[in-house]
Structures are given as C-alpha cells and as structure tokens.
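Below you'll find the structure, written out as structure tokens, and then a few comments.
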Amino acid sequence: MLSSSISKKKINLREAMLKVIKENPTIKDRFANAVPEGKIQGWGLPLGSKKRPISGDGFMLTGDAASMIDPFSGEGISNAMYCGMTAANVAMEAIKAGNFKSSFLIQYDEKIYNRLWSELQLSHTMQKLCKYPWLFNFVINKAEKNRTFRETISCMFDDLDLRARFKQPSFYFKLLFNH
Ligand SMILES: Cc1cc2nc3c(=O)[nH]c(=O)nc-3n(C[C@H](O)[C@H](O)[C@H](O)COP(=O)(O)OP(=O)(O)OC[C@H]3O[C@@H](n4cnc5c(N)ncnc54)[C@H](O)[C@@H]3O)c2cc1C
C-alpha cells in the first residue's frame, strides 16, 4: 500500500495482514496450523512514480537510491541491476574524459529514463487503477472464466505493449461484451 493511503485510512499493516491470514476464506485454511517464525517486519519501497534527477556533480544514484522500484509490482531488482550496469559504463566514460561534472553525468539519467521510464509510467497508471477495486475485480473475474484472457494477463507482466492495453477504455469495453 502507498504510505499516503496507509496514513489517510489509518491502516495498521501488521494487523491487516494477520486479519487476512485468519479470516480470508481463500487464505485462512493454508495457515490454519502455521506458527510465526519471528516478528512481522516491513520496509517502505522507493517507487519510481516520478522522474527525479539521479545524478549530479560527482555522483550517480542506482536502484533504490534512485527510486527505481516498479510502482505496480514492487519489483526493484532488475531495475537496480540495469542502473548498476549503466552507471558502471558511464563511470568508465567519465574516467576516460576526466569529467565528473553533472553536465557530463546527465547522460546516465538519459540512458536510464530512455530505457525504464515508459515501463515505470505504465506501472504507475496500473497502480492508480487499483483505487477502483470493482474494475480490478471485474477483470480478475473475467480471467477466472476465460483461459485465453487469463494467459493474456499473465503475458502482460512481461510484455509492455500488451500491458499498455490496460490504459485503453476499449480494453474494458471489449471485456464487457466478451463471454
Ligand atoms: C520485503 C521486500 C521484498 C521485496 N521483494 C522483491 C521481489 O520479490 N522482487 C524484486 O525485484 N524486488 C523486491 N524488493 C525490492 C528489492 O529488494 C530492491 O529494489 C533491490 O534490492 C534494490 O537494490 P539496490 O542495490 O538498489 O539496494 P539494496 O539491495 O538495498 O543494496 C544496498 C546495499 O548497501 C548496503 N549499505 C547501506 N548503507 C551502507 C553504507 N553506509 N556503507 C556500505 N554499505 C551500505 C546495504 O547493506 C545493502 O546491502 C523487495 C524489497 C523488500 C523490502
């Protein structure tokens, strides 16, 4: 959940998780005899929902330090690895040129955002769609009934062009009339 929603709705995440484990009809049986291994811990995830400067005089930010976590899936490992690889290449160029100024390192921002920004933006749009549970429930209910659609949704996690369809009203319109 977004920190803003947690404070606005005054939700205690630890209690919410325990309640789901205890009461949710599709989950509770799986945990009926479970015993906690330790205390519940959590951590805020720096989501890539905004385009921020990620370099300056003498530095480049990578991964979580650059807020590169996918706002929909919460995954940050692959983006962090891509940042690391790109930062290493730009650092090599900076050493060759003997130039560590922000005006030189800005190419790092350009390379990262050229590669990752459209994906992050799309995931941010999908995260905002979660505000409408009826819409999500509608999509998931359709997926439960239709194997092809179910497979399409699975592919959406890897395929950006396919994922972009979530943003189009025609996607929901077609779903409405497709049984
Ligand atoms: C509970 C949880 C579950 C997650 N699940 C997933 C998942 O399933 N899939 C996914 O893709 N992503 C997941 N993420 C996100 C993912 O873990 C991060 O996006 C990713 O690890 C970021 O990599 P990073 O290299 O930027 O930072 P980190 O992996 O945090 O690495 C930073 C390192 O720097 C070290 N460090 C910090 N300060 C100093 C210092 N002063 N001196 C020296 N070292 C220092 C830290 O000890 C750490 O080892 C999850 C995150 C959390 C919290």
Side-chain angles (χ1 to χ4, degrees), residues 1-17 20 38-133 135-136 139-140 151-172:
M1 284 189 79
L2 294 176
S3 318
S4 54
S5 312
I6 293 171
S7 48
K8 198 167 143 199
K9 295 181 180 171
K10 298 190 180 15
I11 289 177
N12 179 325
L13 281 182
R14 288 180 183 82
E15 283 171 12
M17 189 179 83
V20 167
K39 60 177 183 167
I40 302 169
Q41 289 183 306
W43 192 256
L45 302 178
L47 304 178
S49 320
K50 262 191 225 161
K51 213 181 215 181
R52 305 167 170 91
I54 50 173
S55 67
D57 283 336
F59 72 89
M60 288 177 274
L61 301 174
T62 60
D64 281 10
S67 281
M68 282 293 154
I69 293 190
D70 185 295
F72 184 66
S73 67
E75 288 169 343
I77 296 173
S78 58
N79 289 353
M81 289 172 75
Y82 187 75
C83 283
M85 185 184 75
T86 308
N89 288 334
V90 173
M92 227 155 56
E93 294 302 318
I95 291 166
K96 264 194 232 155
N99 187 348
F100 306 96
K101 291 267 175 223
S102 61
S103 53
F104 188 87
L105 298 180
I106 190 80
Q107 59 178 291
Y108 169 69
D109 299 42
E110 287 160 6
K111 286 180 199 307
I112 291 297
Y113 284 122
N114 278 345
R115 175 70 180 77
L116 300 178
W117 183 237
S118 56
E119 190 174 333
L120 290 172
Q121 247 184 329
L122 196 54
S123 292
H124 190 209
T125 304
M126 287 176 66
Q127 177 213 76
K128 285 189 279 187
L129 273 183
C130 290
K131 273 193 209 152
Y132 308 104
L135 188 62
F136 251 73
V139 174
I140 299 302
E151 285 168 0
T152 309
I153 288 200
S154 297
C155 293
M156 278 176 165
F157 284 89
D158 293 332
D159 186 326
L160 269 188
D161 293 332
L162 217 50
R163 207 191 295 180
R165 289 196 206 161
F166 267 124
K167 285 209 287 192
Q168 300 163 353
S170 58
F171 170 81
Y172 300 98

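- Considering CZ of Arg115 and OG1 of Thr86, their distance stands at 9.0 Å, rounded to 0.5 Å.
- Partners of Lys96 according to the salt bridge (Lys or Arg N to Asp or Glu O under 4.0 Å) rule, which considers only residues two or more places apart in sequence or in another chain, are Glu93.
- One distance of note links CG of Asp109 with CD1 of Ile106; it measures 4.0 Å at 0.5 Å rounding.
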From CA spacing to verdict: side chain to side chain contact (heavy atoms under 4.5 Å, CB included), Leu2, Gln127: CA-CA 10 Å; Leu2 294 176; Gln127 177 213 76; 3.4 Å; yes

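- Residue Tyr108 comes nearest to Cys83 through the heavy atom pair OH-CB, 3.4 Å, listed as atom of the first residue, atom of the second, then distance.
- Closest non-hydrogen pair, Tyr82 versus Ile112, comes out as CD2-CD1, 3.9 Å.
- Of the listed residues (Asn12, Ile11, Leu13), just one forms a side chain to side chain contact (heavy atoms under 4.5 Å, CB included) with Glu15, and that residue is Asn12.
- Here the CD1 atom belonging to Ile40 is positioned 4.0 Å from the CE atom belonging to Met17, to the nearest 0.5 angstrom.
- Residue Trp117 comes nearest to Gly48 through the heavy atom pair CZ3-O, 4.0 Å, listed as atom of the first residue, atom of the second, then distance.
- A pairwise comparison of heavy atoms in Gly58 and Leu105 identifies N-CD1, 3.9 Å as the closest pair.
- At least one donor-acceptor pair under 3.5 Å links the side chain of Tyr113 to the backbone N or O of Arg52.
- In this structure Phe59 satisfies the ring-ring contact (aromatic ring centres under 6.0 Å, His included) test with no other residue, sequence neighbours excluded.
- Heavy-atom neighbours of Met81 CE from other residues, nucleotides or ligands within 6.0 Å: at or below the threshold of 12.
- Side-chain N or O atoms of Asn79 include none that pairs as donor or acceptor with a backbone N or O of Ile69 at under 3.5 Å.
- Looking at every heavy atom in both residues, Ser123 comes nearest to Phe72 through O-CB, 3.4 Å.
- Asp70 places no side-chain N or O within donor-acceptor distance of the main-chain N or O of Glu75, the cut-off being under 3.5 Å.
- Rounded to the nearest 0.5 Å, atoms NZ (Lys51) and CD (Gln121) are 7.5 Å apart.
- Residues Gly42 and Arg14 come closest through the heavy atom pair N-NH2, 4.4 Å.
- To the nearest 0.5 Å, atoms CG (Leu120) and OG (Ser67) are separated by 10.0 Å.
- The CD atom of Gln107 sits 11.5 Å away from atom CG of Asn114, with the distance rounded to the nearest 0.5 Å.
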